[in-house]
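Chain letters run A, B, ... following the sequence lines, proteins first, then strands; residues in each count from 1.
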There are 2 protein chains.
Amino acid sequence: MPDTARISRIRSGRRTDIRQQNERLILEAAERVFAEAGFGGATMQLIADMAGLPKANLHYYFPTKEALYRRVVQNIFEIWLDAASSFDGAAGPVEGIGAYVRAKMDISRRHPHGSKVWAAEVMHGAPVIQDYLETTLRAWTEGRMAVIQRWIDEGKMAPIDPRHLLYMLWATTQHYADFGHQIETLNAGEALSDRQWREATESVTQIILRGIGAI
Amino acid sequence: MPDTARISRIRSGRRTDIRQQNERLILEAAERVFAEAGFGGATMQLIADMAGLPKANLHYYFPTKEALYRRVVQNIFEIWLDAASSFDGAAGPVEGIGAYVRAKMDISRRHPHGSKVWAAEVMHGAPVIQDYLETTLRAWTEGRMAVIQRWIDEGKMAPIDPRHLLYMLWATTQHYADFGHQIETLNAGEALSDRQWREATESVTQIILRGIGAI
DNA sequence: TCGCATCCTGACCGTATGGTCAATACGAAG
DNA sequence: CTTCGTATTGACCATACGGTCAGGATGCGA
């Protein structure tokens, strides 16, 4: 029924806007609350207050707390996977890994809440995204490991175990989001400035690129 | 009243054993449950079941859930600080950082639950250990930064920002505990073997030591 | 055996939370 | 103005949870 579909889409143009806007509002609030309180510590009431909506309205858009949480985790996972593009099409480790570190540090700065939700989800045994780990993430990882191995074979870097290099990249970049509070405390209670973020990115990139013998 | 104190200590020798044993039992169960479910998701009932004690008994030894949680976090913090000794008295970065990485990887393997509880606590804004961060951790960090800076001045390693090097050490080593489930999933669902732990430690050590120009 | 401190625990309570629902408001189309 | 699908919301409910408490068990010293 292309007709009714089109009509419905046209007719509900305004309504669709409301739906999208409210869903976005709720998802942003949820991301923050889940990150700061954890799944168990987060309450629908708190998310509702932060989104400026009555609690019952949340259940109109998301049937359960778990469904809302699931969407938040999925959103993060997609953002996170997008950074993969920085890795691809690079001639060697200096460009590829350099770009990847920069992209991931950028995500840590722009989506600290999302990174924390992801970290907590994995720490709890990945109850809702286990299948993603086993399919998408595993495939992604194997693909990049192959790329790194090729660089090694081509003599563009030292013979490092690609797996542990990837873990190191993830750990180091995500640390600036997940442990942002600790870093801030050790920075005299101040959030990192633009300059400090640049220095952090630079330090990480330098140590790793030199560490794998690409410089 | 040293007399009564001594008498009491002697008389309750057996009782003290019971107390210590039960507290340890509860703390171990709590560490596991807090790590797997988070503070909000953990229930006293679940901890009690895992410890093999009735719930009311938990409240006999620990007045509140928060008090129990606080003890768990403090325990981890102490274990974690002990790894500092590996850092001290080292002639240079190869010995010092090498030993530190080995010690921290060992902690990640032996106390994965503790590491996760610590990570979650920091991610939530360190509600119960903020003062530790501002005092003990800050002092510890500044001390090690000075050591690293000295090594740099002595030409034993490249001029890396000591702060970001420390963050990198923490991030990388703790990743093997905090994201252990993800690592396991990417390892065909198998926990890392002795050999794989050794390889991981070796990879991390190699990349970092080469990355800071100490090799 | 008795007294006493420690330890144990089933039953209970107040509260907070996720979720439901019926009633209502809204707004576009005809 | 009427109709109808969508969006809104206050009131409500069942449940689960942290915490309490009174009564009892245990075991050691005198």
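- With rounding to whole Å, B/I47 atom CD1 is found 11 Å from D/dG19 atom P.
- Evaluation of the side-chain contact (heavy atoms from CB on, under 4.5 Å) rule for A/E202 yields A/Q206 as partners, not counting sequence neighbours.
- By the 4.5 Å heavy-atom criterion applied to side chains, A/H59 and A/M44 are counted as neighbours.
- To the nearest 0.5 angstrom, B/L166 atom CG is 9.5 Å from A/L186 atom CG.
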Per-nucleotide protein contact along nucleotides 8-13 of chain D, 5' to 3', at a 4.0 Å heavy-atom cut-off (B base, S sugar-phosphate only, - neither), is BBB---
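- Atom pair B/F62:CZ and C/dC7:P shows a separation of 13 Å (rounding to whole Å applied).
- Two residues are said to be in side-chain contact when any heavy atoms from C-beta on lie closer than 4.5 Å; B/I76 and B/E121 fail this criterion.
- Nucleotide C/dG10 holds its P atom 15 Å from the NE2 atom of B/H59, rounded to whole Å.
- Taking side-chain N and O atoms only, A/R19 has a distance below 4.0 Å to OP1 or OP2 of D/dA7.
- Atoms NE2 and NZ, from A/H124 and B/K116 in turn, are 9.5 Å apart once rounded to the nearest 0.5 Å.
- Considering A/F77, A/Y69, A/F34 as possible partners of A/W118, the one that fulfils the ring-ring contact (aromatic ring centres under 6.0 Å, His included) test is A/F77.
- A/W80 has its ring centre less than 6.0 Å from the ring centre of A/W170.
- Residue pairs meeting the side chain to side chain donor-acceptor pair (under 3.5 Å) criterion with at least one member in residues 45-58 of chain B, sequence neighbours excluded: B/Q45-B/D49.
- Other residues, nucleotides and ligands contribute more than 12 heavy atoms inside 6.0 Å of the CZ atom of B/R138.
- Listed by residue number, the members of residues 27-44 of chain B with any heavy atom below 4.0 angstrom from DNA chain D are B/A42, B/T43, B/M44.
- Scanning for ring-ring contact (aromatic ring centres under 6.0 Å, His included) contacts around B/H164 gives A/Y176, B/Y167, with sequence neighbours left out.
- Within residues 64-73 of chain B, the residues that have a heavy atom under 4.0 Å from DNA chain D are, in order of number, B/T64, B/K65.
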